Amino acid sequence: MKYSDIIGQSHIKEHFMSAVVNKTISHAYIINGEKSTGKAMLAKTFATAIMCEVGGSEPCGQCSGCTSVIRNANPDVINLVRDGKKKSDIIGIDEIRRQIIDSMYERPYNGDHKVYIIDNADKMNIPAQNAILKTLEEPPEYATLILLTQNAERLLSTIISRCIVLNMRPVEDKIIKQYLREKNKYLETDIDIITAMASGNVGKAKLLSEDQEFNEFEEEIVKVLIDLPKTGYRMARESAIRFSEIKKERDKDKSKEKKYGPDDIFDLFTLWYRDVLLYKATDDIEGLIFRNKATEIALQANYFSYDGLEKVIREIADAKSKVSSYINYEATMELLLINIQEISK
């Protein structure tokens, strides 16, 4: 486990490496970024480097300190473990007390440091956050707390002010494409679509590239969009029902990591109509994400005006926003499809 195994995020890797070498490890960090961006891997690599007996900027991976962290067997690296039987994803004060605070003031079993990692720390309720805050106000010199968040602003401002906040940054598309090419099993068109869907998130690109169902999912969505201007309200209704079924299937299945889902339908819509707009403006397939559908995109460009395509993209963004506010998914999707049909006329 080395920083070089983590794609991108050089600003965070350099900060952590400098902290270990210069012995300026802080008592608290927040690593903030969307899901699958590598926050947990960064935290574990940092913890491994802290425990490494060699003391270099990178963990050696060979000493007992490193290997015990890699095996999740180091008593001085404590990860908050969630109860899989709990229906709520809220982190309560009992979990924080039992797993974090009760041992915080016990000295390390080995070496000079203890590291505590709390994933999804932004899901701590207020009592749990207040308990963490007390440890940050009087932190033991040997303890380092790492909070992994998707929405750091949900933490108390007093917690944020006592932590070093490190924000994950989008990875450049060319780096993600190179990563996917090295897997040697993807067509260039697949790479373009996956990279665009990932929006700088290497973890999401990896998940999509490994999901055999994603290509079928993408093809199903694109077929609806190709046929939409040529059909009536009945197809809009049937497609909305089908997309709602996809959402229900993904929401119901809690056992699998959601590699794609309802939000990705809106993202595919946006990427498709941006391609149509680009082709209409340039009459050129270079730069298209869906280059394998160049003929269909050229035909689609005849159905829409420039203003119409810009309006479609706004309508998609508005529908996605409504769904995130828990407005009925099926009804929102049906209205969106009907609006696109109307704009295409």
Side-chain angles (χ1 to χ4, degrees), residues 1-14 16 31-49 58-59 61 69-72 79 82 89 117 119-122 146 148-151 166-222 246-247 249-251 253-272 289-292:
M1 181 170 289
K2 293 182 177 294
Y3 291 114
S4 54
D5 296 328
I6 302 170
I7 300 173
Q9 314 308 329
S10 59
H11 62 298
I12 298 180
K13 292 188 286 190
E14 289 169 5
F16 283 159
I31 305 178
N32 184 59
E34 64 181 39
K35 183 179 178 181
S36 301
T37 46
K39 300 186 296 293
M41 192 172 181
L42 278 165
K44 187 168 184 177
T45 305
F46 184 37
T48 307
E58 286 260 23
V69 178
I70 293 169
R71 299 196 319 269
N72 297 317
N79 288 269
R82 304 305 314 282
D89 61 356
I117 301 172
D119 197 4
N120 295 311
D122 44 339
I146 306 175
L148 310 182
T149 63
Q150 293 186 54
N151 299 283
L166 301 168
N167 289 303
M168 304 290 283
R169 295 174 183 170
V171 176
E172 291 182 66
D173 284 355
K174 64 180 181 181
I175 296 175
I176 294 178
K177 288 181 180 181
Q178 182 60 33
Y179 167 78
L180 293 174
R181 287 188 186 105
E182 288 172 358
K183 290 181 171 287
N184 295 322
K185 57 181 179 180
Y186 300 105
L187 295 173
E188 195 66 24
T189 51
D190 294 332
I191 289 176
D192 288 342
I193 293 168
I194 290 170
T195 301
M197 290 291 291
S199 299
N201 186 330
V202 177
K204 183 170 183 178
K206 182 175 184 293
L207 289 171
L208 291 177
S209 69
E210 293 172 348
D211 191 338
Q212 295 179 352
E213 296 177 0
F214 175 70
N215 188 55
E216 297 174 11
F217 169 77
E218 174 250 315
E219 288 284 346
E220 182 178 0
I221 304 305
V222 168
I246 292 173
K247 181 182 188 307
E249 289 168 4
R250 305 306 272 187
D251 289 347
D253 190 354
K254 303 294 184 183
S255 63
K256 297 180 181 179
E257 182 158 15
K258 296 174 184 175
K259 300 178 182 180
Y260 63 86
D263 282 351
D264 292 316
I265 294 177
F266 293 110
D267 293 341
L268 281 167
F269 274 35
T270 301
L271 294 175
W272 176 261
I289 294 168
F290 294 93
R291 282 201 301 276
N292 59 331

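Everything numeric in this text was worked out from a predicted model, so none of it was measured. The first residue in the sequence is number 1, and the count goes up from there.
- Between the side chain of Lys206 and the main chain of Asn201, no donor-acceptor pair closer than 3.5 Å is present.
- Partners of Phe46 according to the ring-ring contact (aromatic ring centres under 6.0 Å, His included) rule, which considers only residues two or more places apart in sequence or in another chain, are Phe16, Tyr29.
- Using a 4.5 Å heavy-atom cutoff, the side chains of Ile117 and Leu148 are in contact.
- Nearest heavy atoms, Thr48 versus Pro59: CG2-CB, 3.5 Å.
- Contact detail for Ile289 and Ala196: the closest heavy-atom pair is CD1-CB, 3.7 Å.
- Residues Trp272 and Ile221 have side chains not in contact (no heavy-atom distance under 4.5 Å, counting atoms from C-beta outward).
- Residues meeting the salt bridge (Lys or Arg N to Asp or Glu O under 4.0 Å) test with Asp5, sequence neighbours left out: none.
- Minimum heavy-atom separation, Asn72 to Lys44: OD1-NZ, 2.9 Å.
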Apply side-chain contact (heavy atoms from CB on, under 4.5 Å) to the pair Ile193 and Leu271, showing each step before the final yes or no.
CA-CA 9 Å; Ile193 293 168; Leu271 294 175; 5.5 Å; no
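- With hydrogens and angles ignored, the 3.5 Å screen pairs no side-chain donor or acceptor of His11 with any backbone N or O of Leu166.
- Between Ile6 and the choices Val202, Thr45, Ile12, the side chain to side chain contact (heavy atoms under 4.5 Å, CB included) rule is met once, by Thr45.
- Without hydrogens or angle criteria, Lys39 side chain to Asn32 main chain gives no donor-acceptor distance under 3.5 Å.
- Scanning for salt bridge (Lys or Arg N to Asp or Glu O under 4.0 Å) contacts around Lys177 gives Asp192, with sequence neighbours left out.
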Applying side-chain contact (heavy atoms from CB on, under 4.5 Å) to Leu208 and Phe217, what does each step give before you reach the verdict?
CA-CA 11 Å; Leu208 291 177; Phe217 169 77; over 6 Å; no
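- Rounding to the nearest 0.5 Å gives a distance of 9.5 Å between CD1 of Ile194 and CE of Met197.
- Between atom CD of residue Glu219 and atom CG of residue Asn292 there is a gap of 6.5 Å, rounded to the nearest 0.5 Å.
- Nearest approach of Thr37 to Met168, heavy atoms of both residues: O-CE, 3.0 Å.
- In this structure, the side chain of Asp122 engages the main chain of Asn151 through a donor-acceptor pair within 3.5 Å.
- Pro170 approaches Ser199 most closely through the heavy-atom pair CB-O, 4.2 Å.
- Glu14 pairs by the side-chain hydrogen bond (donor to acceptor under 3.5 Å, both in side chains) definition with nothing, not counting sequence neighbours.
- Taking CD1 of Ile175 as the start and OG1 of Thr195 as the end, the distance is 11.5 Å to the nearest 0.5 Å.
- No donor-acceptor distance shorter than 3.5 angstrom exists from the side chain of Gln150 to the backbone of Asn120, with no hydrogens or angles considered.
- Between Asp264 and Lys204 the shortest side-chain heavy-atom distance falls below 4.5 Å.
- Ala43 and Ile146 make their closest contact through CB-CG2, 4.0 Å (heavy atoms, listed as atom of the first residue, atom of the second, distance).
- To the nearest 0.5 Å, atoms CG (Asp190) and CZ (Phe214) are separated by 9.0 Å.
- Within the 4.5 Å cutoff, no side-chain heavy atoms of Tyr179 are placed close to those of Val171.
- Shown here are the salt bridge (Lys or Arg N to Asp or Glu O under 4.0 Å) partners of Glu34, two or more places apart in sequence or in another chain: there are none.
- Residues meeting the salt bridge (Lys or Arg N to Asp or Glu O under 4.0 Å) test with Glu172, sequence neighbours left out: Lys174.
- In this structure, Lys2 contributes its side chain and Glu58 its backbone to no donor-acceptor pair below 3.5 Å.
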